[in-house]
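Worksheet for the structure shown next.
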Amino acid sequence: MIENKAPGKDISDEDLASKFPLAARRGDEPRRQFEIAGVPFGGDLIPVMAGPNTVENREMILRTAEAVKKAGGHFLRGGAFKPLSFPYRSDKYFELREEGLRYLQDARDATGLPIITEVMDQNYVGAVAEVADILQIGTRNMQNYALLIDCARSGKPCMLKRHYGASLRDWLGAAEYMLLEGCTKLILCERGMAVPHTHRASSRFLLDLQVVPAAQEFCSYPVGTDPSHATFWAPWVKPMTLASIGAGADFIMLEVHPDPRNAAVDPLQPISFDAYDQLMLSMEAVARAVGRTVGRSL
Ligand code: PEP
Ligand code: MN
């Protein structure tokens, strides 16, 4: 028995020793700490990654980057390549792809905020890695092992989202693929599970808060949450963000939009700049209660 691991759970000593030895945390081994673009992960600071679902145009991503920075956010998020659920594209439902990457670069040049953005396809790892400080691997690609390997080989820090149907064991298996290929700065993001009673307007996904301490028990890499994708509903983002911090999340990803109701993709989930600014204050208060900080003065 490895000390301090929940006995009788689905992750065995044998898994830790031979299936994901690189991802595994043994006994009291300290959790990993490292910097990405000068921002410390895995310590007292809870970095915040905020921005729109989709990079819609240059002006909106620049405005959002300013707002993210002003409120104390650490990374700008925003998809240039999007895993859109339906194949048709229109003026209202689109992805800017390479053009979006250029706007993200402009936003970083203007604000100094580092960028996290999704890569969906092996063919674009190089292009996304040129702009991104963190490569985001989305829920749908968690077990796209060829993509994981290429992302790891790019040498960039990576964020691996949990598939909405994956066990912790499978998630750590996917992480192991990346660690084995030399990814040294890996962070794990819970973004909500599909369970039988979800996939309805009232609860599209279920944010699995318990997986935060569970993943931290079995794995030494930072574990955070994305309450926006989990709740799919702006009014619930604040409570689930604060709950995530209470549960020990090592970072938070949030959707913030200059005009939430008119967001091109997933308009129900982004919060406004004002709501985000207020949320940062509440996050700081809760973080302090658990001995951490989001770096925002109260
Ligand atoms: C996103 O963060 O833009 C996204 C598509 O998330 P997920 O992969 O969790 O659906
Ligand atoms: Mn989405």
Side-chain angles (χ1 to χ4, degrees), residues 47-56 60-61 64 68 73-87 89 93-97 100-101 103-104 107 114-121 124 128 131-144 147-148 151 157-166 170-171 174-175 178 186-195 198-199 203-209 211-212 215 223-234 236-237 240-241 244 249 251-257 260 263-271 276:
V48 178
M49 306 163 172
N53 185 301
T54 304
V55 181
E56 295 174 22
M60 75 84 76
I61 197 68
T64 309
V68 167
H74 303 90
F75 286 80
L76 176 68
R77 68 143 283 147
F81 292 90
K82 290 297 308 171
L84 296 170
S85 299
F86 307 101
R89 300 291 181 264
Y93 191 70
F94 59 87
E95 47 178 344
L96 288 182
R97 301 170 70 86
L101 291 178
Y103 299 158
L104 285 168
I115 303 294
I116 175 163
T117 194
E118 182 161 354
V119 56
M120 295 187 36
D121 177 324
Y124 290 97
V128 176
V131 171
D133 294 277
I134 304 178
L135 298 179
Q136 171 171 334
I137 295 144
T139 194
R140 295 161 186 79
N141 275 315
M142 188 200 88
Q143 288 173 312
N144 181 345
L147 177 64
L148 303 187
C151 287
C158 295
M159 181 178 85
L160 179 63
K161 281 192 163 190
R162 181 188 186 190
H163 186 267
Y164 54 76
D170 286 349
W171 193 15
M178 304 186 73
L186 179 65
I187 60 177
L188 303 174
C189 183
E190 155 64 21
R191 50 77 70 210
M193 308 299 295
V195 296
T198 62
H199 266 292
S203 60
R204 187 174 181 209
F205 295 108
L206 177 71
L207 184 63
D208 182 2
L209 285 177
V211 88
V212 174
V223 181
T225 71
D226 174 349
S228 301
H229 276 85
T231 61
F232 196 57
W233 181 231
W236 299 343
V237 168
M240 297 319 287
T241 299
S244 295
F251 63 90
I252 298 287
M253 172 169 266
L254 290 172
E255 279 193 15
V256 175
H257 192 283
V265 176
D266 293 348
L268 300 178
Q269 74 198 26
I271 57 174
Y276 160 66

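Numbering of ligands and ligand atoms starts at 1, following listing order. Each residue takes its place number in the sequence, starting with 1.
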So for ligand 1, is Glu118 a polar contact partner (N or O within less than 3.5 Å, distance only)?
no

What I want to find out is whether Arg89 reaches Glu95 closely enough, with some N-O distance under 4.0 Å, to be called a salt bridge.
yes

How about His163 and Trp171: do any of their side-chain heavy atoms sit closer than 4.5 Å?
no

Taking all non-hydrogen atoms of both residues into account, name the closest pair between Met142 and Leu148 and its distance.
O-CD1, 3.2 Å

Quick one, Asp208 with Arg162, criterion salt bridge (Lys or Arg N to Asp or Glu O under 4.0 Å). Give me CA distance, side-chain angles, the key distance, then yes/no.
CA-CA 10 Å; Asp208 182 2; Arg162 181 188 186 190; 2.8 Å; yes

With the threshold set at under 4.0 angstrom, would you say Pro83 reaches ligand 1 through any of its heavy atoms?
yes

For Gly138, counting its heavy atoms only, list the atoms of ligand 1 lying under 4.0 Å from any of them.
8 (O)

Which of the listed options, Met120, Glu190, Arg191, Met159, holds the heavy atom that is closest to atom 9 (O) of ligand 1?
Arg191

Winner among His229, Arg162, Glu255 once heavy atoms are compared against atom 1 (C) of ligand 1:
His229

Exam field: side chain Tyr276 to backbone Val68, donor-acceptor pair closer than 3.5 Å:
yes

Element-labelled atoms of ligand 1 that are located less than 4.0 Å from some non-hydrogen atom of Arg140:
8 (O), 10 (O)

